[in-house]
Amino acid sequence: MISTQQRFGIALLLLGMTSSVWAHSDAAGMSGGFFSGFTHPLFGWDHVAAMVAVGLWGAFLGRPAIWMLPVVFPVVMAFGGVLGIAGIPLPAVETGIALSALVLGLMVVLAVRPPLWVAAVLVGAFAIFHGHAHGTELPDAASPLAYSLGFVMATGLLHLSGIAFGELTRWPWGSSAVRAGGAIISLAGVGFLTGLL
């Protein structure tokens with residue numbers, strides 16, 4: 001039987017591989033590779049809400065948070081993914097994901113402006129749950145590297161969409177629109193927590 005440390009080492013090795021995985025149709029994204037990783041966050045509304053909220057909150061906070069938070073999230077998410085691939089348990093993953101939408105949405109609604117390091121720690125803590133979910137849901141036939149690249153790229157695009165919407169704060173009416181977007185995300189988080197969504 002493989003120990004937890006051995007599984008963790010194997011997961012790190014697989015994520016770091018740069019072999020010819022792109023040459024095979026499955027690894028290139030046809031079934032369980034890049035395409036599956038890319039679409040996974042896009043079709044999970046709980047992931048979409050939280051990832052857009054990261055971009056929204058970053059834009060609301062301004063520089064350097066506008067870029068720092070969307071960088072922290074995928075980096076820490078990749079670490080959470082390694083934990084999931086390695087089979088290292090993380091309690092209450094689905095609750096953590098739902099809370100991420102609720103809390104990050106509230107940060108925007110309430111115009112919370114903590115120090116940058118506090119915002120980064122909060123975003124990073126939630127990113128671990130999202131990454132762990134991606135890692136444990138990794139299809140058996142998938143290339144871990146291709147799948148991981150797919151979900152990290154999709155995450156980046158969701159952050160960018162949040163940033164783009166958050167840029168509405170440049171206009172007088174924009175802050176209200178952005179805060180309303182945060183309210184919708186926060187309400188969605190309540191729906192995820194209660195099982196209504």
Side-chain angles (χ1 to χ4, degrees), residues 29 32-61 65-81 83-85 90 92-110 112 119-120 122-139 142 146-169 174 176-197:
F34 177 83
F35 185 73
S36 292
F38 187 82
T39 57
H40 180 83
L42 301 178
F43 292 111
W45 290 109
D46 49 356
H47 294 299
V48 170
M51 293 171 190
V52 169
V54 169
L56 262 181
W57 194 28
F60 196 81
L61 293 175
I66 192 170
W67 301 115
M68 177 78 74
L69 299 185
V71 168
V72 166
F73 193 95
V75 168
V76 179
M77 184 181 69
F79 172 73
L83 295 178
I85 292 168
L90 182 65
V93 170
E94 292 304 319
T95 301
I97 291 171
L99 281 173
S100 68
L102 173 63
V103 171
L104 293 172
L106 281 174
M107 296 296 111
V108 176
V109 171
L110 301 174
V112 177
L122 183 63
V123 165
F126 287 131
I128 291 175
F129 291 106
H130 287 267
H132 195 277
H134 291 313
T136 56
E137 294 169 4
L138 182 69
Y147 184 86
S148 299
L149 287 174
F151 79 66
V152 167
M153 286 180 65
T155 296
L157 290 174
L158 289 168
H159 291 331
L160 285 174
S161 67
I163 290 170
F165 188 73
E167 285 294 302
L168 293 176
T169 58
S176 297
V178 169
R179 291 174 80 175
I184 292 168
I185 290 170
S186 194
L187 288 173
V190 172
F192 303 141
L193 274 174
T194 60
L196 295 174
L197 291 179

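For the single chain, residues carry numbers from 1 onward in sequence order.
- The closest donor-acceptor contact from the side chain of Trp57 to the backbone of Val112 lies under 3.5 Å.
- For the atom pair CZ (Arg179) and OG1 (Thr169), the distance works out to 11.5 Å, reported to the nearest 0.5 Å.
- A donor-acceptor contact shorter than 3.5 Å links the side chain of His159 to the backbone of Met51.
- Taking the side chain as every heavy atom from C-beta outward, Glu94 and Asp46 approach each other to under 4.5 Å.
- Counting only heavy atoms from C-beta outward, the side chains of Leu90 and Leu83 never approach each other to under 4.5 Å.
- Of all heavy-atom pairs spanning Ser100 and Ala50, the tightest one is OG-CB, 3.3 Å.
- The shortest heavy-atom contact between Ile97 and Ala133 is CD1-CB, 3.7 Å.
- Contact of the Phe151 side chain with the Met77 side chain is registered, since non-hydrogen atoms from C-beta on lie closer than 4.5 Å.
- When atom types are taken as modelled, the side chain of Ser186 and the backbone of Ala183 share no donor-acceptor pair closer than 3.5 angstrom.
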List the steps, then state whether side chain to side chain contact (heavy atoms under 4.5 Å, CB included) holds for Val108 with Ile185.
CA-CA 9 Å; Val108 176; Ile185 290 170; over 6 Å; no
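- Counting all heavy atoms, side chain and backbone alike, Leu104 lies closest to Ala53 at CB-CB, 3.7 Å.
- Between His130 and Phe73, the distance separating the two ring centers is shorter than 6.0 angstrom.
- Contact annotation: the side chain of Leu42 approaches that of Leu158 to within less than 4.5 Å [non-hydrogen atoms, C-beta and beyond].
- Expressed to the nearest 0.5 Å, how far CZ of Phe60 lies from CE of Met107 amounts to 11.5 Å.
- Atom CG of Leu56 sits about 10.5 Å away from atom CG of Leu61, to the nearest 0.5 Å.
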Starting from the C-alpha separation in whole Å, work towards a yes-or-no answer on side chain to side chain contact (heavy atoms under 4.5 Å, CB included) for Ile163 and Leu160.
CA-CA 5 Å; Ile163 290 170; Leu160 285 174; 4.3 Å; yes
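- Taking the six-membered ring for Trp and thresholds of 30 and 60 degrees, Phe126 and Phe129 have ring planes inclined between 30 and 60 degrees apart.
- In terms of heavy-atom proximity, Pro41 sits nearest to Val48 at O-CG2, 3.2 Å.
- In this structure, Phe35 and Thr39 have side chains that are in contact, with non-hydrogen atoms separated by less than 4.5 Å.
- Contact check for Phe192 versus Leu102: no side-chain heavy atoms found under the 4.5 Å cut-off.
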